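Worth knowing before you read on, the calculation uses all heavy atoms, side chains too, and leaves out hydrogens, waters and symmetry mates. All values reported here derive from a predicted model rather than from experimental measurement.
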Amino acid sequence: MEELPVFTFEIVVENRFGVLFNITALFSSRGYNIERLMVVPDSEPGVSRITMTAHCSPALAEQIVTQVHKQIDVISVEMTSKEISWPTSIMKNTEIRA
């Protein structure tokens, strides 16, 4: 079986209840798994940036972009097939004192 290409989706949304669920449902309802997901606040108050990657066909990637654009709380959507660098965090061992 041929492996599907990886697409990265950058989605800017208004930070409201249920937005992330609605966007991820577009993937799961089509039987595709989101490989990576990151949500961070944008510099503008009340706005968040969702970055996700998934293995899917180019046709499905275009269809998802079209469907995401139709969501009420979505401000913008960008898609790329280029690999992006994901931030990693290392938690320091800290003591919690009561």
Self-check item: Candidate pair Met52 and Arg36, rule side-chain contact (heavy atoms from CB on, under 4.5 Å), full reasoning
Solution: CA-CA 5 Å; Met52 58 178 61; Arg36 294 181 181 177; over 6 Å; no
Quiz prompt | Interatomic spacing from CD in Glu44 to CG in Asn15 - rounded to 0.5 Å | solution = 11.5 Å
For residues 19-28, which side-chain donor-acceptor pairs fall under 3.5 Å, sequence neighbours excluded?
unit_1 : atom_1 : unit_2 : atom_2 : d
Asn22  : ND2    : Gly18  : O      : 3.3
Thr24  : OG1    : Leu20  : O      : 3.0
Thr24  : OG1    : Phe21  : O      : 3.1
Ser28  : OG     : Ala25  : O      : 3.4

Quiz item: Of the non-hydrogen atoms in Phe9 and Cys56, which two are nearest, and what is the gap between them?
Solution: CZ-SG, 4.4 Å
Quiz item: At what distance, to the nearest 0.5 angstrom, does CZ of Arg30 lie from CD of Gln63?
Solution: 4.5 Å
Quiz item: Which residues satisfy the side chain to side chain contact (heavy atoms under 4.5 Å, CB included) test with His69, sequence neighbours excluded?
Solution: Val65, Val77
Quiz item: Glu35 and Thr53: side-chain hydrogen bond (donor to acceptor under 3.5 Å, both in side chains), yes or no, with the steps?
Solution: CA-CA 5 Å; Glu35 299 290 325; Thr53 62; over 6 Å; no
Quiz item: Tracing side-chain links under 4.5 Å among I, L, V, M, F, W and Y, which residues wind up in one group with Val12?
Solution: Val47, Ile75
Quiz item: How would you list all residue pairs meeting salt bridge (Lys or Arg N to Asp or Glu O under 4.0 Å) that involve residues 50-61, not counting sequence neighbours?
Solution: none
Quiz item: Can you name the residues that form a side chain to side chain contact (heavy atoms under 4.5 Å, CB included) with Pro41, not counting sequence neighbours?
Solution: none
Quiz item: Is there a side-chain contact between Thr51 and Leu37, using heavy atoms and a 4.5 Å cut-off?
Solution: no
Quiz item: Would you say Ser48 and Asp42 make side-chain contact, with heavy atoms under 4.5 Å?
Solution: no
Self-check item: Pairs meeting criterion salt bridge (Lys or Arg N to Asp or Glu O under 4.0 Å) with involvement of residues 56-81, two or more places apart
Solution: Arg16-Asp73
